[in-house]
**Q** 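Encoded as structure tokens, here's the structure I'll be asking about.
Please read all numbers here as calculations on a predicted model, not as lab measurements. For ligands, and for the atoms within them, numbers begin at 1 and follow the listed sequence.
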Amino acid sequence: MAGGNAIRGSRIGAGPMGEAERGEAAPRTFVSYWCANGHEVTPSFAVEDGVEIPEQWECKRCGLPAGKDKDNPPAPPTAEVYKTHLAYVKERRSDSEGEAILEERLGELRDRGLIR
Ligand SMILES: [Zn+2]
């Protein structure tokens, strides 16, 4: 029993340590990305076979997509997300299941006293 506990304890520490070792071993490159708000993010990537530098990166400050072209950052995704949501709602509307879900939601709101 004591042996089992020892193995379990060592496994907890092994995970992060293994990752750190890998990060140090591989050479890293820093890539600059700019978002629509002008924030610059410079994530580092391991230079290894099969590792591709992504075209876009998520801005750490505001969450917008950031691109490698400073003068031409990617557009905020708000409009696209909204359109997708609309399409989703329209799709759901075409079948009765969508209405059932809507009724369920309305029931929840009524239960909480948010609507009558
Ligand atoms: Zn930003």
**Q** Can you list the residues that meet the side chain to side chain donor-acceptor pair (under 3.5 Å) rule with T42, with sequence neighbours excluded?
**A** none

**Q** Please collect all salt bridge (charged side-chain N to carboxylate O under 4.0 Å, His left out) contacts where either partner lies in residues 57-66, sequence neighbours excluded, each pair once.
**A** none

**Q** Just wondering, more than 12 heavy atoms not from E55 lying within 6.0 Å of its CD?
**A** no

**Q** Can you give me the closest heavy-atom contact between K68 and P54, atom names plus distance?
**A** CE-O, 3.7 Å

**Q** What's within reach of the Zn ion (ligand 1), meaning protein N/O/S atoms under 2.8 Å?
**A** C35 SG, H39 ND1, C59 SG, C62 SG

**Q** Which ILVMFWY residues can you reach from V41 by hopping between side chains whose heavy atoms are under 4.5 Å apart?
**A** V31, Y33, F45, I53, W57

**Q** Just how far is it from atom CG of N72 to atom CH2 of W34, taken to the nearest 0.5 Å?
**A** 12.5 Å

